[in-house]
Amino acid sequence: VKEYAPRKGDGGRVMGLRQERADLAGRLTALIRSARVSRAERLRRQPEGEFLDIDACIEATISRRTGENPSSRIHARYERRNRDLATLLLLDVSQSTAAQVRGGRQTVLDVESQAAALLSQAMASLGDPFAIAAFCSDRREDVRYMRLKDFDQPFDGLVEARLAGLESGLSTRLGAALRHAGEDLAKQKSYRRLLLVVTDGEPSDVDVEDRKYLVEDARKAIHHLHRRGIDTFCVGLDSSAESALGRVFGEHGSISISVVERLTQLLPKLYLVMSR
């Protein structure tokens, strides 16, 4: 994997897309805010709950035997009150993303950029740590990885200019990009770490005749990330490209969309998986 400096484009175009869909950005922010992805806290001395709070039960028994009115708060339960999630958004910018989404006028890359901008605005407004990167490949020796935003950088005009500067080209060696992105996520100290991939089809490269090889390589990369405690999920953009996302990410590890409006359907499914 080789890291390339991202090109800059007209950041005002991306900002305009965000402003046009301010209603959608607001709904995405509300959905992310409502998610409770964190370590479950044990709440004691509750009026009702999943199990008995033994200490509270003992105190209630002592109160009853001494003639006092015992407290009814003798239960306990586990609850997620906050979010503790770091996300890395990985965008596929291979040549196939120049195609139009099925039934629409936008290209796959246009939808990727708009989705990235809207999700980033929502996560930034809530203070969640996140990063954005893009990838493509030109054979095994040149897997290109572009950092659009690191975890310690703000989401600002520079990031929007980098999103606007993305161009479609070359191939999709997904497994290598997954492993490289996973190294960044592994350094984050959050309770849950999510690698969210946006792509339109199956892994491929010009130096590999058997496409199943790259599909299986990406699947192995996903398994390796899971063993390291990194969750993965894929947003598949519906185009004419072939798709092997189910094989790579698993039955419940991906969702297909053709317009950014369907991101509101993605997030509940994603956070349901994350909250398990």
Side-chain angles (χ1 to χ4, degrees), residues 1 3-4 6 9 11 14-15 17-18 21 24-25 28-29 31-32 35 37 83 85-94 97 108-136 144-156 158-166 168 172 174 176-188 190 192-200 218 221-222 225 230-237 245 248-249 253-257 260 262-267 269-271 273-274:
V1 176
E3 296 202 4
Y4 283 71
V14 175
M15 183 183 298
L17 288 172
R18 285 199 296 107
R21 302 315 316 271
L24 179 56
L28 290 173
T29 302
L31 283 170
I32 294 176
V37 182
R83 281 198 330 281
L85 171 66
T87 304
L88 195 155
L89 185 59
L90 183 62
L91 308 177
D92 169 12
V93 293
S94 60
T97 62
V108 170
L109 186 57
D110 288 337
V111 177
E112 283 190 2
S113 298
Q114 189 175 13
L118 290 170
L119 286 171
S120 296
Q121 180 184 4
M123 290 187 288
S125 67
L126 296 173
D128 285 358
F130 71 98
I132 311 172
F135 79 97
C136 59
R144 305 185 181 189
Y145 189 90
M146 292 149 281
R147 296 176 181 270
L148 309 183
K149 178 190 177 302
D150 284 324
F151 285 100
D152 58 353
Q153 293 178 330
F155 179 66
D156 54 16
L158 175 60
V159 179
E160 290 182 326
R162 289 172 175 172
L163 280 171
L166 291 175
S168 302
T172 317
L174 179 58
L178 289 171
R179 293 182 180 92
H180 196 73
E183 290 299 322
D184 277 351
L185 263 177
K187 299 173 185 176
Q188 299 303 306
S190 301
R192 299 296 288 269
R193 294 164 293 182
L194 170 66
L195 180 54
L196 182 57
V197 183
V198 185
T199 183
D200 73 321
I222 294 294
L225 292 172
I230 296 173
D231 296 290
T232 60
F233 200 87
C234 178
V235 180
L237 298 180
L245 302 182
V248 174
F249 291 91
S254 65
I255 187 174
S256 293
I257 69 173
V260 292
R262 287 205 64 200
L263 287 173
T264 57
Q265 300 175 32
L266 155 71
L267 289 177
K269 179 178 180 180
L270 171 59
Y271 285 121
V273 173
M274 293 292 297

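The analysis underlying the following values was restricted to heavy atoms, covering all of them including side chains, and did not include hydrogens, waters or symmetry mates.
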message: To the nearest 0.5 Å, what is the distance between CG on Leu109 and CG on Leu91?
response: 8.5 Å
- prompt: Does any non-hydrogen side-chain atom of Leu166 lie less than 4.5 Å from one of Leu148?
  reply: yes
- line: Scanning both residues in full, the closest heavy-atom pair of Ala176 with Val1 reads O-CG2, 3.8 Å
message: If you compare all heavy atoms of Ile230 against all heavy atoms of Gly182, which two are closest, and at what distance to 0.1 Å?
response: CD1-O, 3.5 Å
Point-to-point distance, once rounded to the nearest 0.5 Å, from SG of Cys234 to CD1 of Ile222: 8.5 Å
query: Who pairs with Tyr145 by ring-ring contact (aromatic ring centres under 6.0 Å, His included), at least two apart in sequence or on another chain?
result: His180
- request: With the side chain counted from C-beta on, respond yes when Leu119 and Thr87 share a heavy-atom pair under 4.5 Å apart, and no when they do not.
  value: no
task: Give the minimum heavy-atom separation between Phe155 and Ala117, together with the two atoms involved.
output: CZ-O, 4.0 Å
message: A side-chain contact here means heavy atoms from C-beta on lying under 4.5 Å apart; do Leu194 and Phe130 qualify?
response: no
field: Passing option when Val197 is tested against Asp92, Leu178, Val235 for side-chain contact (heavy atoms from CB on, under 4.5 Å)
entry: Leu178
task: Under the side chain to side chain contact (heavy atoms under 4.5 Å, CB included) rule, collect the residues that match up with Ala161, sequence neighbours excluded.
output: Lys8
- line: Taken in chain and number order and not counting sequence neighbours, the residues that satisfy side-chain hydrogen bond (donor to acceptor under 3.5 Å, both in side chains) with Arg147 are Glu3, Asp150, Asp184
- line: To the nearest 0.5 Å, atom CG of Leu163 lies from atom CD of Glu112 at 10.0 Å
- request: Under the side-chain hydrogen bond (donor to acceptor under 3.5 Å, both in side chains) rule, collect the residues that match up with Asp156, sequence neighbours excluded.
  value: none
task: Report the residues that fulfil side-chain hydrogen bond (donor to acceptor under 3.5 Å, both in side chains) with Gln121, sequence neighbours left out, ordered by chain and then residue number.
output: Arg18
Verdict with reasoning, Ser120 to Val159, per side-chain contact (heavy atoms from CB on, under 4.5 Å): CA-CA 10 Å; Ser120 296; Val159 179; 5.9 Å; no
query: What do the steps show when you test Asp110 against Gln114 for side-chain contact (heavy atoms from CB on, under 4.5 Å), and what is the final call?
result: CA-CA 6 Å; Asp110 288 337; Gln114 189 175 13; over 6 Å; no
- request: Measure the spacing between CG of Leu89 and CE of Met123 and express it to the nearest 0.5 Å.
  value: 6.0 Å
task: Go through the structure and list residues passing side-chain hydrogen bond (donor to acceptor under 3.5 Å, both in side chains) with Thr172, not counting sequence neighbours.
output: Ser94
- prompt: Roughly how far, to the nearest 0.5 Å, is the CG atom of Leu185 from the CG atom of Leu195?
  reply: 6.0 Å
query: Quick one: does Val93's side chain get under 4.5 Å of Met146's, heavy atoms only?
result: yes
message: Rounded at 0.5 Å granularity, tell me how far CG in Leu174 sits from CG in Leu90.
response: 7.5 Å
